[in-house]
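Taking it in order: structure first as structure tokens, then the write-up.
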Amino acid sequence: MSYMEKTIVELHEDLKKGVVTSDELVKESLKKSHEIQEKYNAFVTILDDAKGGNVTDNLLSGIPYGIKDNYSTKDILSTGSSNTLKDYVPFFTATAIKNLEKAGAIATNKTVLDEFGMGGTGTTGHTGVVKNPWDRTRMCAGSSSGSACAVAAGVYPYATGSDTGDSIRKPAAYCGIVGYKPTYGMISRYGLFPFASSLDHCGVLSRCVSDAAIVVDNMKGIDKNDMTSWDSSDIHLYDSLNGDVKGKKICYVKEICDIENYQSASDELKRHLENFNKTLDKCRELGMEVEEVSIDKKLLNAVASVYVVISCAEATSNMSNLTGIIFGPRGEGKNYIEMMKNYRTEGFSPLIKRRFVIGSYVLQAQNKNRYFFNAQRVRRLVVDEWKKLYEKYDAIILPVGSGPAKHLDGSLDILDASTQILEEHLQIGNFGGFPSITIPNGFVNNLPVGVNITGNCYDDANVLNIAYALENSMEYKNQIAKEVE
């Protein structure tokens, strides 16, 4: 086993004992970064001048990690994986990254994402497609595709991500690792390139639950620069992990998990849901009560549309400052209007431009009530349904997606309207700002699949402890991707 395939705690012990130095860890991470880049295209920038740091009592000190390239990093290229910022070097560092720097963590690269986080495939970044380290014909999902790929491939034990709909949690499932987005506002969003401000969450991708807890313990905290952040100083995620879940009550949603709802179910979907049912049995063996609940299918089927309307509207507003005048490469034209038009027309990918068109349309005065305000109303109805469940249950457990990673060309994937809620239900965690974590729970066709656990706001410690207990009852903790032939 190479050092970068170890957990944070194992690495910290090795550093403290003098078995390895921080410089040696950084060199290994950089070497692996270049190897992975050639195979999977996971990085925008590899920080070859990175050096080891001091080893303190902080578990993260001296250990390499990766930064998703929509986090602002002072004097380091920060592109958001977009041609509109292909040469942008910020003058400040995001609060979450500053907090990791204070802990002594060492960044060794900036990872590829779908352009500005708008996409679920890992194929729209300006540097090209990110390939899955388990199977290069398959996607990593997105938008935290590069971070998920690198962690799964053993470049380092963790990387930062951001999650607006499922952008940490689905890539984690596709790559066989852990993806955790905490309660909205636990981690400051200051310095994270905004996509949809009411939905955006900072978070982490790692290979085990305890590592995710350690990282978020160090990333979180109230920040005067983010009015949505809150004081979580009395929450200690890593110290709260004890694996005792006897008596905990969890539920799953029949309309999402029952194979009878999917008339044209693929073999992959059937096996995925069979695997999920085995995971429920694991929960029962751990002493948890597991119950089935029912949610109005009309409400569930509205989730994807609500997400599109709200996220596109907020993105259109947030990215109106991308003009090429304030920062970014200047567009061509005889006046500033022509220059902005050229910059935005030539710089953004077709996917982004479509989202801006949708956002602008739903925000027009004559359309706002019919689309944007109605989407907000349905969002509230969905969140209220989930809140009712949390009055009785500690968490909701659901399968992630409709199976393992989808093919990059899409030719062999069978997706229809019936599987939409399976693919999109993680967005509910963003609607309500709920803490939500994905962990690997098995394989389908030699490819990893995942299960998601979501709890009530501010109940992060409980959610992580349930995931921790479940993880320890299975065989997929700290697994490294093994590419299939």
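Each residue takes its place number in the sequence, starting with 1. No experiment lies behind these values; they were computed from the predicted model shown.
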Residues that K392 engages under salt bridge (charged side-chain N to carboxylate O under 4.0 Å, His left out), provided they are two or more places apart: E291

Pair D459-N456, side-chain donor/acceptor within less than 3.5 Å: no

Once side chain to side chain donor-acceptor pair (under 3.5 Å) is applied, do any residues pair with K68, and if so which ones, sequence neighbours excluded? S143, S144, S162

Are any non-hydrogen side-chain atoms of N99 and N218 less than 4.5 angstrom apart? no

Are more than 12 heavy atoms, taken from residues, nucleotides or ligands other than K39, located less than 6.0 Å from that residue's NZ atom? no

Taking 4.0 angstrom as the limit, do R138 and E268 come out as a salt bridge? yes

Can you tell me how far SG of C251 sits from CG of L280, rounded to the nearest 0.5 angstrom? 10.5 Å

Could you give the distance from CE (M288) to CG (L470), rounded to the nearest 0.5 Å? 5.5 Å

Any side-chain heavy atom of Y238 within less than 4.5 Å of one from L464? no

Validation: residues 352-365 side-chain donor-acceptor distances under 3.5 Å, sequence neighbours left out:
unit_1	atom_1	unit_2	atom_2	d
K353	NZ	T345	O	2.8
S360	OG	F356	O	2.9
Q364	OE1	N367	ND2	3.1

I need the single residue from R189, K170, K181, R169 that forms a salt bridge (charged side-chain N to carboxylate O under 4.0 Å, His left out) with D163. Which is it? R169

Do the rings of F116 and F193 sit parallel, tilted or perpendicular, given the 30° and 60° boundaries? tilted

Could you tell me if the side chain of K477 sits less than 4.5 Å from the side chain of N472, heavy atoms only? yes

Indicate whether the side chain of E115 and that of T124 have a donor and an acceptor atom separated by less than 3.5 Å. no

F276 and V449, any side-chain heavy atoms less than 4.5 Å apart: no

Do we see a donor-acceptor contact under 3.5 Å between the side chains of E285 and S473? no

Can you measure from OG1 (T111) to OH (Y71) and round to the nearest 0.5 angstrom? 9.5 Å

Salt bridge (charged side-chain N to carboxylate O under 4.0 Å, His left out) involving E5 - partner list, sequence neighbours excluded: K32

Not counting sequence neighbours, list each pair that qualifies as a salt bridge (charged side-chain N to carboxylate O under 4.0 Å, His left out) and has a residue in residues 231-245. none

Whether E274 and R271 form a salt bridge (side-chain N of Lys/Arg under 4.0 Å from carboxylate O of Asp/Glu) is what I want to check. no

Starting from the C-alpha separation in whole Å, work towards a yes-or-no answer on side chain to side chain donor-acceptor pair (under 3.5 Å) for D223 and S229. CA-CA 6 Å; D223 180 13; S229 67; 5.7 Å; no

For atom CD of Q366, decide whether the heavy atoms of other residues, nucleotides or ligands shown that lie under 6.0 angstrom number more than 12. yes

Can you list everything that forms a side chain to side chain donor-acceptor pair (under 3.5 Å) with S311? Sequence neighbours excluded, please. none

Restricting to non-hydrogen atoms, name the atom on N261 and the atom on K254 that form the minimum distance, rounded to 0.1 Å. ND2-O, 3.1 Å

Atom CG of D69 and atom NE2 of H126: how far apart are they, to the nearest 0.5 Å? 7.5 Å

Whether K388 and D384 form a salt bridge (side-chain N of Lys/Arg under 4.0 Å from carboxylate O of Asp/Glu) is what I want to check. no

V306 vs V382 side-chain heavy atoms within contact, under 4.5 Å: no

